[in-house]
Amino acid sequence: MASIARALGRHFNGYLAARVTMLLAPFLAAGLATEDARWLSGGMLAACCLIAMEKGRLSGRAGLAQASLAVLGSALLAWLWKWPTGFALACALAAEWSCRLGGRRAAWRSAANFTLIPALYLGYEMAERGASVGRELPWLAGGALAAWALHALAGRRDGAEARPGGRPAFGVAFACVGLLAWLAAANRLPYGQWLVWSGASVCVGGWAAARDKSWQRVSAALIGAPCGMALAGLLSGGFAQATALGAAGILSLALFRAYRPAFAARSALAAAHLTLLGGLGLARVLDVAAADGQHQQYQRGGWLADGRDVAGGSRR
């Protein structure tokens, strides 16, 4: 039994997954009972904030600041979406900021990423469906406060690693993410937040690191998206099933330790969700491939002049 537990521990983060499940469960129950999708939005923000606080080992005060930034970022990006240039500039600055923080401490990169993820996804979704930001804020603020309370009461707050993470040359994340964000907002691309985040997620270091991250994402999406579309064919659809798929996708952010299986699971769940809503699950693969390909074009053009790998140390 002990060997099985150790093997599972190498692949799954049971501690963080259990805490995210405990935090997400009330939001999921309330959403299913009321058939109000805003509860799941609040749950997503809560889960991302808790992951940011736990992985970044943030203090109570820093955790409150992070939660506030996630809520305000969601509102700001939703408001800026009608002006593609402003939206692109905000996304580009946030992505570049995340890379600079990661260059100082790897844990800070995780904290910054899980602040940008809910802001980008929820802000884009609110703008895309024309939702009133004021009406969404109580659910988002409630999720942020719930995450902060759970972390403050019984969370890992001390001992954040000082090891620097990888980072691309200055301006690469700004250029790549800014261009993709402008394309998504200017063309009103459905689920364009996936395209923007795909660009941000591969800005992890030098050419070798980004190439490896891009391959992990594309290969995982090629496996996950068809599986998700097949799964959707076995489901009857409806609000409850779509909400459950959304909650499972949120949980996958905390469950897996390795990136490739985590992204394959998220791609499968996203593709199933899209297919149930009448969309095309293959859009998940196309968004990933387009963003990763665009980023690699910048790299081949000499933008990554310092050549650091994902650990931020070696030079090519």
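Values below: all heavy atoms of this structure, side chains included; hydrogens, waters and symmetry mates excluded.
No single ILVMFWY cluster, assembled from side-chain heavy atoms under 4.5 Å apart, contains both V218 and I223. Hydrophobic clustering (side-chain heavy atoms under 4.5 Å, transitive across Ile, Leu, Val, Met, Phe, Trp, Tyr) groups M126 together with V71. In this structure, V20 is a member of the same hydrophobic cluster as I117, with clusters built from ILVMFWY side-chain heavy atoms closer than 4.5 Å. Following chains of ILVMFWY side-chain contacts shorter than 4.5 Å, one cannot reach L145 starting from L28, and the two form parts of different hydrophobic clusters. Under a hydrophobic clustering in which Ile, Leu, Val, Met, Phe, Trp and Tyr are joined whenever their side-chain heavy atoms come within less than 4.5 Å, directly or via other members, M22 and Y15 fall into the same cluster.
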Name each donor-acceptor pair under 3.5 Å that joins a side chain in residues 249-257 to protein atoms two or more places apart or in another chain, with its distance.
| residue | atom | partner | partner atom | Å |
| --- | --- | --- | --- | --- |
| S252 | OG | G249 | O | 2.6 |
| R257 | NE | G9 | O | 2.5 |
| R257 | NE | F12 | O | 3.3 |

> Yes or no on side-chain contact (heavy atoms from CB on, under 4.5 Å) for K82 and F87, after CA distance, side-chain angles and deciding distance?
Replying inline: CA-CA 8 Å; K82 64 186 74 171; F87 178 82; over 6 Å; no
>> Would E125 and W81 count as a side-chain contact (heavy atoms from CB on, under 4.5 Å) here? Give the steps.
In response: CA-CA 10 Å; E125 284 180 5; W81 189 73; over 6 Å; no
>> Please determine whether side-chain contact (heavy atoms from CB on, under 4.5 Å) holds for the pair F174 and L89, giving the CA-CA distance in whole Å, both sets of side-chain angles, and the decisive distance to 0.1 Å.
In response: CA-CA 8 Å; F174 182 92; L89 182 61; 3.7 Å; yes
>> Is there a side-chain contact (heavy atoms from CB on, under 4.5 Å) between M53 and F114? Walk through the geometry before answering.
In response: CA-CA 9 Å; M53 295 174 199; F114 281 96; over 6 Å; no
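Between the W39 side chain and the W139 main chain, no donor and acceptor come within less than 3.5 Å of each other. With hydrogens and angles disregarded, a donor-acceptor distance shorter than 3.5 Å links the side chain of E128 to the backbone of Y191. Side-chain N or O atoms of Y124 include none that pairs as donor or acceptor with a backbone N or O of V196 at under 3.5 Å. Without hydrogens or angle criteria, D36 side chain to R38 main chain gives a donor-acceptor distance under 3.5 Å. Of the possible polar contacts, one joining the T21 side chain to the A17 backbone as a donor-acceptor pair under 3.5 Å is found. Between the side chain of H11 and the backbone N or O of P261 there is no donor-acceptor pair closer than 3.5 Å. Panel note: side chain Q241, backbone S236; a donor-acceptor pair is recorded below 3.5 Å.
Taken to the nearest 0.5 Å, the CE atom of M44 stands 7.0 Å off from the OH atom of Y121. Interatomic distance, L140 CG to L72 CG, rounded to the nearest 0.5 Å: 10.5 Å. Separating the CG atom in L16 from the CG atom in L50 is a distance of 6.0 Å, to the nearest 0.5 Å. If you take CG on L120 and OG1 on T115, they are separated by 12.5 Å, rounding to the nearest 0.5 Å. Taking CG of L137 as the reference point, atom OG of S41 lies at 11.5 Å (rounded to 0.5 Å). Atom CG of residue L93 and atom OG of residue S98 lie 12.5 Å apart, to the nearest 0.5 angstrom.
Side chains of P84 and R188 form a contact here, defined as non-hydrogen atoms less than 4.5 Å apart.
Enclosure of atom CH2 in W182 is not indicated, since only 12 or fewer non-hydrogen atoms of other residues, nucleotides or ligands lie within 6.0 angstrom. Applying the 6.0 Å contact sphere to CZ of R129 captures more than 12 heavy atoms from other residues, nucleotides or ligands.
Geometrically, R100 does not engage W108 in a cation-pi contact, judged by NZ or CZ lying under 6.0 Å from the ring centre and within 45° of the ring axis.
Across all non-hydrogen atoms, the minimal contact from G143 to L45 is C-CD2, 4.2 Å. Considering every non-hydrogen atom in both C99 and R109, the closest pair reads SG-NH1, 3.7 Å. When all heavy atoms of A119 and G73 are compared, the closest pair comes out as CB-C, 3.6 Å. Across L77 and A90, no two heavy atoms sit closer than the pair CD2-CB, 3.8 Å. The shortest heavy-atom contact between A67 and A144 is CB-CB, 3.8 Å. The shortest non-hydrogen separation linking L24 to A247 is CD2-O, 3.6 Å.
The only member of K213, Q216, R217 that meets side chain to side chain donor-acceptor pair (under 3.5 Å) when paired with S201 is R217.
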